[in-house]
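See structure below.
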Amino acid sequence: MSDMNAQPLDVIGIGFGPSNLALAVALHERGSRLRAGFLEAKPAFAWHPDMMLAGTDMQVSFLKDLVSLRNPCSGFSFLSYLHAKGRLSRFINRKTFFPSREEFNDYLGWIAGQFSNCQYDSRVTGIEPVQKGDRVTHLAVHSQSAEGRQSRHLARNVVLAPGGKPHWPEAFAPLRDSGRVFHTNDYLSQVVPRLKPGQRIAVIGAGQSAAEVFADLAARPEQPRVGMILRGRAIKPSDDTPFVNEIFDPAQTDRFHGLPEETRAQTLHSLAATNYAVTDADLIEHIYETLYAQDVRGDNRLGLLAETRVQEAQQAGAQVRLQLSGPSGPQIAAYDLVVLGTGYRRALDQSVLADLSPWQIAQEPDRDYRLPMKKTFEPGIFVQGFSEPTHGLSDTLLSVLALRSDEIAQQLETLHGSASAIAAE
């Protein structure tokens with residue numbers, strides 16, 4: 001994207017993960033005339049690279065790829081990817097809707113490799129308004145490379161999709177740079193290289209990522225002593241039964257958005273077991289069998305600390321000392337490493353949007369995923385993955401990407417009166 005600084009683009013997408021990758025595909029398949037570019041902080045395409053654990057599968061059907069729910073005939077579908085890679089017949093023989101996480105990541109990378117309009121190693125640091133009189137006509141998007149090189153890009157519209165940020169509970173915040181506490185987001189690159197025989201490791205959390213890391217550590221040749229610390233009584237299974245799964249249908253977005261605010265909040269709370277602090281049933285069974293086999297051997301290398309909370313975390317020399325409260329009362333436990341399986345938080349980065357706040361009317365996006373701005377503010381600011389309170393549980397998931405990206409593409413074209421008349425090159 002060598003010409004990104006040369007002249008204003010019609011749209012700049014911030015982030016080039018699945019959401020904006022789906023937008024790039026939607027614009028391409030609509031034959032849009034819009035000049036689009038994307039800025040990505042990573043040096044190359046990567047989707048949760050530190051959780052590409054052996055044996056981990058997707059929790060969503062391959063049919064909920066970036067395009068199939070919108071255009072089953074698309075050349076960007078997962079089936080098209082399998083055909084291009086020569087694995088379609090063998091994948092069919094597996095009799096599953098759930099590819100491995102590694103394969104789905106390869107699918108996403110296969111799509112990303114077909115677009116040349118993404119500038120990698122470009123972390124967005126701010127967005128400022130460009131005014132003509134009393135009206136804002138363009139946006140100046142500032143980015144910075146890992147080496148500190150700064151760039152300025154002009155756009156008529158922006159689509160924000162930088163993804164979620166790893167959540168660090170308050171008790172662990174002072175230990176971010178200790179070299180002893182890590183989030184699952186950095187597991188393969190930061191934790192695994194530090195493993196040594198006999199280490200004591202705590203895994204905090206009871207969701208899918210925490211359970212996967214616990215299972216992975218249990219099978220590592222270093223044979224560390226691993227304790228999984230969870231607040232609940234047990235690891236809970238995710239509810240992926242058919243009727244419940246209908247809440248993730250893109251058609252449900254309109255219905256959810258039309259509910260009163262209080263009803264939406266109640267609905268999200270009642271359906272939390274479909275997505276938060278829950279684990280696939282087959283992984284739960286695997287962990288149970290692992291612990292049972294250990295019990296048969298009379299070993300105690302692995303363990304679950306249920307109904308236990310971390311009250312405080314302190315560094316004590318080469319270890320992390322956790323103050324715990326549980327069924328047996330307060331206790332102190334020391335660990336060599338701590339892995340936080342505490343999920344992600346999705347909130348718009350107000351530091352990036354700070355210069356636009358005088359024009360912003362509300363924090364929540366409209367139904368079309370556009371942030372409400374004053375009439376004198378001409379550019380559109382669209383968000384992907386930050387609308388769960390208003391658009392439903394599926395907003396942060398793959399389920400709606402195919403249709404949401406097309407909705408946003410249509411809105412962008414409407415803003416500029418750009419008909420979908422020619423094929424993108």
Side-chain angles (χ1 to χ4, degrees), residues 1-5 9 11-25 27 36-52 66 101 104-128 139-155 157-168 176-177 182-191 209 340 342-356 369 371 381-387 395-398 401 405 408:
M1 200 158 45
S2 58
D3 65 339
M4 272 196 72
N5 300 323
L9 294 175
V11 57
I12 288 180
I14 297 176
F16 204 50
S19 292
N20 270 346
L21 193 54
L23 176 63
V25 173
L27 289 169
F38 298 87
L39 297 171
E40 169 56 51
K42 295 185 181 71
F45 180 83
W47 180 63
H48 297 299
D50 277 288
M51 286 300 289
M52 290 294 149
L66 301 190
R101 192 176 296 156
F104 201 81
N105 175 64
D106 192 60
Y107 158 68
L108 295 175
W110 173 75
I111 292 181
Q114 299 181 57
F115 290 90
S116 60
N117 59 340
C118 177
Q119 185 169 300
Y120 292 96
D121 188 21
S122 299
R123 181 176 61 85
V124 172
T125 57
I127 305 173
E128 64 176 342
L139 297 172
V141 181
H142 297 271
S143 66
Q144 181 174 301
S145 71
E147 295 180 350
R149 179 173 49 83
Q150 298 184 358
S151 301
R152 181 176 182 268
H153 322 271
L154 280 179
N157 304 278
V158 165
V159 181
L160 291 162
K165 291 186 176 181
H167 172 58
W168 280 66
R176 271 181 176 269
D177 300 319
F182 304 92
H183 194 275
T184 55
N185 188 62
D186 300 310
Y187 175 67
L188 286 178
S189 63
Q190 299 296 323
V191 177
S209 294
L340 303 177
T342 47
Y344 296 80
R345 293 293 181 267
R346 289 178 178 264
L348 288 175
D349 189 342
Q350 294 306 313
S351 63
V352 169
L353 296 174
D355 290 335
L356 307 181
Y369 303 99
L371 293 182
I381 301 178
F382 296 85
V383 296
Q384 298 208 69
F386 295 95
S387 309
D395 186 70
T396 63
L397 307 177
L398 294 172
L401 294 194
S405 59
I408 293 175

Would you say the side chain of [Y] lies within less than 4.5 Å of the side chain of [X], judging by non-hydrogen atoms?
{"X": "Glu40", "Y": "Phe45", "answer": "no"}
{"X": "Arg176", "Y": "Trp168", "answer": "yes"}
{"X": "Ile408", "Y": "Val159", "answer": "yes"}
{"X": "Phe386", "Y": "Tyr369", "answer": "no"}
{"X": "Ile111", "Y": "Leu66", "answer": "yes"}

[X] side chain to [Y] main-chain N or O, any donor-acceptor pair under 3.5 Å?
{"X": "His142", "Y": "His153", "answer": "no"}
{"X": "Asn157", "Y": "Ile12", "answer": "no"}
{"X": "Arg123", "Y": "Ser145", "answer": "no"}
{"X": "Glu128", "Y": "Asp355", "answer": "no"}
{"X": "Glu147", "Y": "Arg149", "answer": "no"}
{"X": "Asn185", "Y": "Pro166", "answer": "no"}
{"X": "Gln384", "Y": "Ser19", "answer": "yes"}
{"X": "Asn20", "Y": "Ile14", "answer": "yes"}

[atom1]/[X] to [atom2]/[Y] distance, rounded to the nearest 0.5 angstrom?
{"X": "Phe104", "Y": "Leu108", "atom1": "CZ", "atom2": "CG", "answer": "5.0 Å"}
{"X": "Asn105", "Y": "Trp110", "atom1": "CG", "atom2": "CH2", "answer": "14.0 Å"}
{"X": "Thr125", "Y": "Arg152", "atom1": "OG1", "atom2": "CZ", "answer": "12.0 Å"}
{"X": "Asn117", "Y": "Phe16", "atom1": "CG", "atom2": "CZ", "answer": "6.0 Å"}
{"X": "Phe38", "Y": "Ser122", "atom1": "CZ", "atom2": "OG", "answer": "13.5 Å"}
{"X": "Ile381", "Y": "Leu139", "atom1": "CD1", "atom2": "CG", "answer": "5.5 Å"}

Looking only at heavy atoms, what is the nearest atom pair of [X] and [Y], with distance?
{"X": "Ala146", "Y": "Asp121", "value": "N-OD1, 2.8 Å"}
{"X": "Met51", "Y": "Arg101", "value": "O-NH1, 2.7 Å"}
{"X": "Ser387", "Y": "Asp395", "value": "N-OD2, 2.7 Å"}
{"X": "Val124", "Y": "Ile127", "value": "CG1-CG1, 4.5 Å"}

Chi angles and distances behind the side chain to side chain contact (heavy atoms under 4.5 Å, CB included) call for Leu340, Thr184: CA-CA 6 Å; Leu340 303 177; Thr184 55; over 6 Å; no
Sequence neighbours left out, what passes side chain to side chain donor-acceptor pair (under 3.5 Å) with [X]? Give chain and number order.
{"X": "Asp106", "answer": "Tyr81"}
{"X": "His167", "answer": "Arg345"}
{"X": "Ser209", "answer": "none"}

What do the steps show when you test Lys165 against Tyr344 for side chain to side chain contact (heavy atoms under 4.5 Å, CB included), and what is the final call? CA-CA 5 Å; Lys165 291 186 176 181; Tyr344 296 80; 5.8 Å; no
For Leu9 and Leu154: C-alpha separation, side-chain torsions, deciding distance, then whether side chain to side chain contact (heavy atoms under 4.5 Å, CB included) applies. CA-CA 6 Å; Leu9 294 175; Leu154 280 179; over 6 Å; no
Leu353 vs Leu160, test: side chain to side chain contact (heavy atoms under 4.5 Å, CB included). Steps then yes/no. CA-CA 10 Å; Leu353 296 174; Leu160 291 162; 3.9 Å; yes
